[in-house]
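Since the structure comes first, as structure tokens, the remarks are kept for the end.
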2 protein chains.
Amino acid sequence: MNIGEIARRAGVSRSTVSYALSGKRPVSEDTRRKIQQVVDELGYQPSASARALANGRTSTIGLVFPPAGNHYTGMQLDFIGSVVEAAAAYDYDVLLSPSGMDSDRSFQRLLGERRVDGAILMEIRLEDDRADHLAALGFPSVAIGRTAHPEDGWYVGLDHTALAAACVHHLADLGHRRVAFVNRPEQLLRTGYESAHRGLDGFTKAAAERGLTVRTYCCGDDAAAGQACVERILHDDPATTALVTLNEAALGGLYRGLAHAGRHVPRDFSITGIVANRWAETVTPQLTAADVPAAEMGRLAVDLLVERLDNSDAPPRQHLLIPPISLRASTGPAGSPQT
Amino acid sequence: MNIGEIARRAGVSRSTVSYALSGKRPVSEDTRRKIQQVVDELGYQPSASARALANGRTSTIGLVFPPAGNHYTGMQLDFIGSVVEAAAAYDYDVLLSPSGMDSDRSFQRLLGERRVDGAILMEIRLEDDRADHLAALGFPSVAIGRTAHPEDGWYVGLDHTALAAACVHHLADLGHRRVAFVNRPEQLLRTGYESAHRGLDGFTKAAAERGLTVRTYCCGDDAAAGQACVERILHDDPATTALVTLNEAALGGLYRGLAHAGRHVPRDFSITGIVANRWAETVTPQLTAADVPAAEMGRLAVDLLVERLDNSDAPPRQHLLIPPISLRASTGPAGSPQT
DNA sequence: TAGCTTCGCCGAACCGGTTCGACACAGTCG
DNA sequence: CGACTGTGTCGAACCGGTTCGGCGAAGCTA
């Protein structure tokens, strides 16, 4: 069931079969039909390994995301799904590689063993050794997220700074004066996780601009941590009337914490943030939030990567998205401050 | 940077380099050191394609899951994550293939082009042409889920029948007499989706056994559908006091629907089901449910597949899991029936 | 010192494709 | 009728590894 077998049965040479199938050189109509018939009869499909070896391309892209442990969030799922789907449309397969760092064995395999033609990096950090490494190698890659010096790279990112600022302005416009920020876990912040940093940054600056009193918190990626975080917020400053979060996994816990504290959303307390809309619509009342267009971002990342693969010296391209805030039901005017 | 280059620099033949690195034949300590030194110097890693071609194994396993459109659920994410991680531990990469059917191009590529050594199938249907096809080919694969005739196959599954029955018994023990079942979308039921069928089956039988009055519903995989579904349930039979669901994506909507209808959980209404614990803990009150051990299932599937790959004529093995119901806060004794 | 084993290495073939140069044959033109 | 172009096919080399058979040198026995 290899190309030699086909050639023999069709009474031609191996190269003729190859050309007949690829169309890279003309082949007479008669032989082409004969070959096609044999191929159909035997259900022949050329071996991906052999083809990859011969023409130096695997038709596979790597999707690099950090290993579990830190739970996966819904956003990541949407990225994965849309990347796989978009890649399939270009006839690329997707190889998953769980690695947080440059030095990961999994990452080394992807590159060193040339298993993939290009890579998409998720969960970007401001200083990201994976991205730096790939850039230094000139290896075709696209980041989902922006590093600290993004100008020269290929990426599709979310403007977390602007988005967090928009959330602050939304709350300030509603009259809120004391606002908390619920970030991702501290460990992510320490390692320089992009969205956590830029989100915090945008929040802090916008809050200063509007003269708000703020407190910022890190919060584990689960409901229990969210609930605990709200307790801390209300303990630290009971007069807090709103919060901004980009921690979707904690969202349910934040709501529960507010409910336990007797704060009604949105009457007594407003909550907003940056969250995949799947989650925003799951909670009650539904979350007013900047919806992360994860599916679109995954698709764009693949588009960019394919463009880069097709044209290896194309200049870097980027997509920086700023989705609007979807007004739902979790924010309202600030009432009279409580004690 | 290929093996010939290494050989030249080390002053030996290509085969010697190969043997030095693989250890499949003894090599003198001196030459081995010399080779290792050159390898380290140049950071040489053998090409995966070439190696795959030569020894007929790709060191890659395929993870086959249905294309998006139907939103991904949290469970699927956990499967993917744990499969990737477990595979990495065995030095296997994971190739994602979005295909619902046997005839998918993506599925054909995986098999026909021999991109993977084995496959793990998610989202199994009772009559699953993918599973049948693989079985007929003798292609090493493990299903996450059970087909209608599972005896002869490799799988790791959840006993949805027993689990749904356990939920019913739990509710019946609490005195509930009128109970609804909220299934996955109708389209999945029609295509023979395993968990939807077996769950429904277990629910129906157990309810009959306990003499309960039941209604069963299909519900879209999102919060809005969940909310609408609760409205329908309470409209069809306002005396309903409990529901069982295995639709995690609708869960938030179910809660919202109940809240809008003025039913307090668990005082007026009990809710339970089969759900990944990440979701069970997100809602308020936290869901009493049979927790889907998705991460464990993914790991087990990889274990099974690797075992099958290492020993191609091993007899089929299976894992059928029946996790216990985790008592949380969403169920309680039936109160006096409402009008 | 001839004869035998053992050890370490080499050359060649192979995996299954792709691609380049060449060649046979037919058709056109001078 | 010979030279010229163009079409269709073939053989061989190559991609980068693995693996098998064999061979030379060293070590041992007789």
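Per chain, numbering begins at 1; letters A, B, ... match sequence-line order. Predicted, not measured: the structure shown is a model, and the values here were computed from it.
Using a 4.0 Å cut-off between a side-chain N of Lys or Arg and a carboxylate O of Asp or Glu, R317(A) and E307(A) qualify as a salt bridge.
Of all nucleotides in DNA chain C having an atom under 4.0 Å from a heavy atom of chain A, the first and last in 5' to 3' order are dG16(C) to dA22(C).
The heavy-atom pair separating V83(A) from V302(A) by the smallest distance is O-CG2, 3.6 Å. Here the closest non-hydrogen pair linking T60(B) and Y92(B) is N-CD2, 3.6 Å.
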Evaluate D303(A) against Y90(A) for side-chain hydrogen bond (donor to acceptor under 3.5 Å, both in side chains), listing each step before the verdict. CA-CA 9 Å; D303(A) 288 346; Y90(A) 286 109; 2.8 Å; yes
Stepwise side chain to side chain contact (heavy atoms under 4.5 Å, CB included) check, V142(A) with L121(A): CA-CA 6 Å; V142(A) 171; L121(A) 267 58; over 6 Å; no
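Taken residue by residue, residues 45-54 of chain A places heavy atoms nearer than 4.0 Å to DNA chain C at P46(A), S47(A), A50(A), R51(A), L53(A), A54(A). Shown for residues 1-17 of chain B: residues whose heavy atoms fall under 4.0 angstrom of DNA chain C, namely G11(B), V12(B), S13(B), R14(B), S15(B), T16(B).
Taking the side chain to side chain donor-acceptor pair (under 3.5 Å) definition, one finds that T16(B) meets it with S13(B), sequence neighbours left out.
No hydrogens or angles considered: a donor-acceptor pair under 3.5 Å links the side chains of D117(B) and T58(B). Under the 3.5 Å distance criterion, with hydrogens and angles disregarded, a donor-acceptor pair is assigned to the side chains of S97(B) and S106(B). At a cut-off of 3.5 Å, with distance as the only test, no side-chain donor of T147(B) or D128(B) sits close to an acceptor on the other residue. Residues S18(B) and S15(B) have side chains that never bring a donor and an acceptor to within less than 3.5 angstrom of each other.
In this structure, K34(A) atom NZ and dT9(D) atom C1' are separated by 17 Å, rounded to whole Å.
Using a 4.0 Å heavy-atom distance criterion, T31(A) is classed as a sugar-phosphate-only contact. Within 4.0 Å (heavy atoms only), S18(A) reaches at least one base atom of the nucleic acid.
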What nitrogen or oxygen pairs link the protein and nucleotides 22-26 of chain D at under 3.5 Å?
none

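In this structure, S22(B) and P26(A) both approach DNA chain D, and ranking their closest nucleotides by distance from the 5' end singles out P26(A).
Here the side chains of L111(A) and F139(A) are in contact, with some heavy-atom distance below 4.5 Å. At a threshold of 4.5 Å between non-hydrogen side-chain atoms, the residues Y193(B) and E123(B) count as touching.
For residues 31-43 of chain B, the pairs satisfying salt bridge (charged side-chain N to carboxylate O under 4.0 Å, His left out) are E29(B)-R33(B), D30(B)-R33(B), with sequence neighbours left out.
Not a single donor-acceptor contact under 3.5 angstrom links the side-chain atoms of Y19(A) to the base of dC10(D).
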